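The structure appears below as structure tokens.
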Amino acid sequence: MKKILKRLAIGVAVFLVLGTSAVAIAVVARENRTFDAPYPELRASKDPAVIERGRYLVTGPAHCTECHGAVGDHAAERHLVGGLAFEVPIGTVYARNITPDVATGIGRYTDPEIARVLRYGVHPSGRAVLPFMPFTDMTDEDLTAVISYLRSRPAIDHHVPSNDFNLLGRAAKAFLLEPTGPKHPVRARVTPGPTAEYGEYLATTVANCNGCHTRRSLRTGAPEGVAFAGGMTVESHEATPKKFITPNLTPDPETGHIYAWSEDAFVARFKAGVATGSPMPWQAFARMTDDDLRALYRYLRSLPPARLGQEL
Ligand code: HEC
Ligand code: HEC
């Protein structure tokens, strides 16, 4: 999110210099620009095992429920009716209703259209979605499971307001916002298990640990710090305005936050699910299996030690 906002700040400075009327015309002409991206050939399954895997991802590591669930309700099976408003400098952005309702939810979209939003950041309407969701490299198997679970839920008619962009936001849509696709070739599946390899997949592609625990340029969003070395400022949604600095998750003896933690202590911290008012989705992560938590720990322990917020 910060990424766009800062690129935006630069863009806006440029507009002011160029003169507002020309810019206003350009914005109007370009703000509804659409993008092409492939439609993943994935179909929802009715297989209970696939749906169960999807439920686990949605309510656990991928924490879709934290953003799309009924506002203020952290229960596991809360309905994915959307409505949570993110007040950002470009305006107000709403997490959508992702129940199968045809009028107000994802019932109006095909499976490949939903898969494309998550993998390529391109909405069924062709617009770029704002980069709130880090799932571009999710495997075919997991993306299928997520969509299968969403399709299995009751349809709930719940209208979520359209995003409300201010001039800055309209300018961003016109000039700066581009969809982001997968960083790696698409994988069919990654074998789950308490391994560092699987931990890497969870940390970077499903649970977004690296999104918050890595320092980024406020201007471009590009990493400025060593991955997982923390030092990034993240704002809490529930306790606004409240800024948190993320801890260092690499095994640095002095500044590594979990350096002295045993694997069991790490698992226990997550299972306890104690939220700290921070933006970290502790309630969803508390639903992770022991194996997944062990995979995360083993992956983090395998990283080269770096100092808190260490520059690249
Ligand atoms: C950090 C918050 C966050 C998380 C986590 C999150 N979403 Fe979203 N999602 C959003 C926001 C905000 C939008 C609206 C973006 C926009 O309009 O540009 C959105 C849009 C969507 C859309 C487009 C729906 C429409 O009608 O436009 C789908 C589908 C979706 N999310 C599914 C998911 C799934 C599935 C997960 C979990 C695997 C998930 N989201 C996790 C915040 C989140
Ligand atoms: C939305 C941002 C965000 C995400 C995503 C996130 N974290 Fe955090 N994390 C934070 C912040 C902020 C803190 C400091 C405040 C707190 O303890 O909650 C923190 C704290 C921690 C702590 C220290 C907790 C303690 O009790 O001292 C650990 C360990 C941790 N995160 C690991 C992870 C792992 C592993 C993941 C991915 C599964 C992850 N985080 C995902 C923002 C995030």
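Just the heavy atoms: all of them, side chains too, but no hydrogens, waters or symmetry mates, feed the values below. Owing to the predicted nature of the structure, the values given are computational and were not obtained by experimental measurement. Whatever order the structure lists them in is the order used to number ligands and atoms, beginning at 1.
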Between [options], flag the one that comes closest to [atom] by a heavy atom.
atom: atom 3 (C) of ligand 2; options: C212, A207, A203, S278; result: C212
atom: atom 11 (C) of ligand 2; options: V206, T246, L296; result: T246
atom: atom 8 (Fe) of ligand 2; options: E66, R269, H213; result: H213
atom: atom 35 (C) of ligand 2; options: F285, W261, F270; result: F270
atom: atom 6 (C) of ligand 2; options: M280, K242, K243, M288; result: M280

Decide if the gap between the ring center of H123 and the ring center of Y109 is smaller than 6.0 angstrom.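 Yes, ring centres under 6.0 Å apart.
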With only distance considered, is N208 within less than 3.5 Å of ligand 2 through an N or O on each side? no
Show the atoms of ligand 2 that are less than 4.0 angstrom away from any heavy atom in L249. 28 (C), 29 (C), 30 (C), 32 (C), 33 (C)
Is the shortest distance from a heavy atom of M133 to ligand 1 less than 4.0 Å? yes
Identify, for atom 27 (O) of ligand 1, the protein heavy atom at the shortest distance, and state residue, atom and that distance.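 It is H123 NE2, 2.7 Å.
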Can you pull out the closest protein heavy atom to atom 25 (C) of ligand 1? Residue, atom name and distance to 0.1 Å, please.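 For this ligand atom, the closest protein heavy atom is R96 CG, 3.3 Å.
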Under 2.8 Å from atom 8 (Fe) of ligand 2, can any N, O or S atom of C209 be found? no
Has H68 got an N, O or S atom lying less than 2.8 Å from atom 8 (Fe) of ligand 1? yes
For H63 and F285, take the angle between the two ring planes, folded into 0 to 90°, and tell me which bin it lands in: parallel under 30, tilted 30 to 60, perpendicular over 60. perpendicular
